[in-house]
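Order of appearance sets the numbers: ligands from 1, and atoms from 1 within every ligand.
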Amino acid sequence: MIENKGERDGMLGNWRRTHFCGDIWKYSYGRTVVVAGWVHDIRNLGGVAFLQIRDRTGSLQITLEKSTIPEIFDALVGLSRESVIMVEGTVTENPQAPRGFEIIPGKVKVLAESAVPLPLGVADKVFAELDTRLDNRFLDLRKREIYSIFKIKHEILDGMIRGLHGLGFVQVQTPKIVATATEGGTELFGVDYFDNKCYLNQSPQLYKQMLMGAGFDRIFEIGPVFRAEEHDTVRHLNEFISIDIEMSFADEWDAIDVLEKVVRIAVERASECRNEIESINDGRKTLNKLINKVNMNIGVQNKRIKKDNQRLKAAGEELKPLLKPKEKYDALDIKPIKKTVLSYMDNYNEEEAKKSGMPRVKYEECIDIAQRKRVAVEFGDDLSMEAMKTIEEVYPSYYFITHWPTEIKPFYVQPYENTPEVCRSFDLNFGSKEITSGAQRVHDISLLESNLVEKNLDPKNFDFYLAPFRFGMPPHSGWGLGLERLMMVLTGMRNVREVVLFPRDRYRVIP
Ligand code: AMO
């Protein structure tokens, strides 16, 4: 047996971190600590140098005096930014230091030197386009305000998992390589699977329903889904994380109740991330200043374009388009959601619904709102972005849209028994953004088979899925929530790529 004691070899040897930078405060004054991280910045004034070391929790000042620690001074002042070091030293009060204290080092270890120049600055306050940031994502992710987004994601996932666990849901994993489409045949990525053609799954839909037939009763899955959608928008990804649930002996209203609870927990957990919200807001303050500068430049360029255009117009030539100024960010302020005072079951009252935390709004009312604003839409149409913008004016926060037309929903959605042109499907939206869709499912095999035929799908391809429906399938309901869509709403990001570590879109599979 090898004992894990004594002198360790390798680069780290016996060096271990005692504190993250953000965990050192007044209580640590006078103590010896070991911190580890990246060289954020070095200011060398000759006799004394100030080095900022940074880890995922923040940064602090290491003060290097040439006369007292000449070797350490020499070892550190020449380092490039973003080199990796460990420092053992004493935490010492200094009102002039950025956080009111500094570390006077006793020992240091240089673990990795960073090459220069950096393809993307971490400490520099320079505006970078999203594409440049994503090309150099590992550096972009070193910024605290960016890391904070993923810390919030971690926290809300933890909250939602605990919430679902508490409600009796069991976490499952279903295959991602599949033989059939679930949400529609045109949005599939093909995979060569030995001698067969298979696909990357668009949704765990069929498998979560089969698990209801297997008696699992309440399940959830958090995993990637793949959509070969060609559109290139700020809301669409080709790979995203879907949080899916399915529950037996439940109608769509039960599924809606679970969804409301889970989203409430997520928002509450996010609102508790005070440090992360603060660092996102610090980042936004800096970013907005940079955007001001960029916009001033755009203003100057637009003046020139306008002048050119006068000339082009006189010559009857095509005019040049003006450059679009960058939008600034509002400060982030995540507040828990108000209690919902109305359930659809109670007498529906539009005024009450508008006041409540997560109103239930019928599709019909949405059409009505859009029509009143002169959007060309009628019963049976999907709700276009133009229509959604008008509904957002009335319902700017979270709300459910229920009672959808059966025709525009997938084959597995249960129609209302007395009005089969309307179905038990629902969406959860935030303003004009769709976050979740769900429904009570068809559990009658003959209706399911005829729906497949109606949607031009071959029931033979769905044999594996249909089998459990022949041998005792309980009525069941569920939903799929787009994690990135929820994160966009929570963090107020305008582009979904901001809330994904390494986004996959129409033009990006690297890094
Ligand atoms: P749907 O296809 O509506 O439903 O997807 C569920 C939720 O996933 C999110 N979403 C996306 N997020 C980012 N990029 C995309 N391209 C994208 N497409 C969808 C949305 C959406 O509400 N099987 C059903 C769910 C169910 O009924 O249980 C389904 O997949 O937030």
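Considering only residues two or more places apart in sequence or on other chains, Leu452 meets the side chain to side chain contact (heavy atoms under 4.5 Å, CB included) condition with Phe411, Leu457, Pro459, Phe462, Leu466.
A side chain to side chain contact (heavy atoms under 4.5 Å, CB included) with Thr402 is found for exactly one of Glu364, Lys362, Glu252, namely Lys362.
Evaluated by nearest non-hydrogen atom to atom 27 (O) of ligand 1, the leading choice among Arg441, Lys208, Glu239, Glu187 is Arg441. Around atom 13 (C) of ligand 1, the closest heavy atom drawn from Glu484, Arg235, Arg227 belongs to Arg235. Nearest-heavy-atom check against atom 15 (C) of ligand 1 across Phe426, Trp479, Phe240, Tyr412 picks out Phe240.
Sequence neighbours left out, the pairs with a member in residues 162-172 that pass side-chain hydrogen bond (donor to acceptor under 3.5 Å, both in side chains) are Asp158-Arg162.
Checked by atom type, the side-chain pair Tyr465/Gln205 shows no donor-acceptor distance below 3.5 Å.
Using 4.0 Å as the threshold, Gly438 has a heavy atom nearer than that to some atom of ligand 1. Within the structure, ligand 1 lacks Gln202 among the residues with a heavy atom less than 4.0 angstrom away.
Heavy-atom contacts of Ser437 reach the following atoms of ligand 1: 1 (P), 3 (O), 4 (O), 6 (C), 22 (O), 25 (C), 26 (C), 27 (O), 28 (O) (cutoff under 4.0 Å). Here is the list of ligand 1 atoms found below 4.0 Å of a heavy atom in Gln205: 23 (N), 24 (C), 25 (C), 26 (C), 27 (O), 28 (O).
Considering backbone and side-chain N/O of Leu237, one or more are found under 3.5 Å from N/O of ligand 1. For the pair Ala439 and ligand 1, the shortest N or O to N or O distance does not fall below 3.5 Å.
For the pair Arg274 and Ile334, the tightest heavy-atom approach, listed with the atom from each and the gap, is NH1-O, 4.3 Å.
Looking at Arg144, its side chain never comes within 3.5 Å of a backbone N or O of Leu141 through a donor-acceptor pair.
Counting non-hydrogen atoms of other residues, nucleotides and ligands closer than 6.0 Å to NZ of Lys285 gives a total of 12 or fewer.
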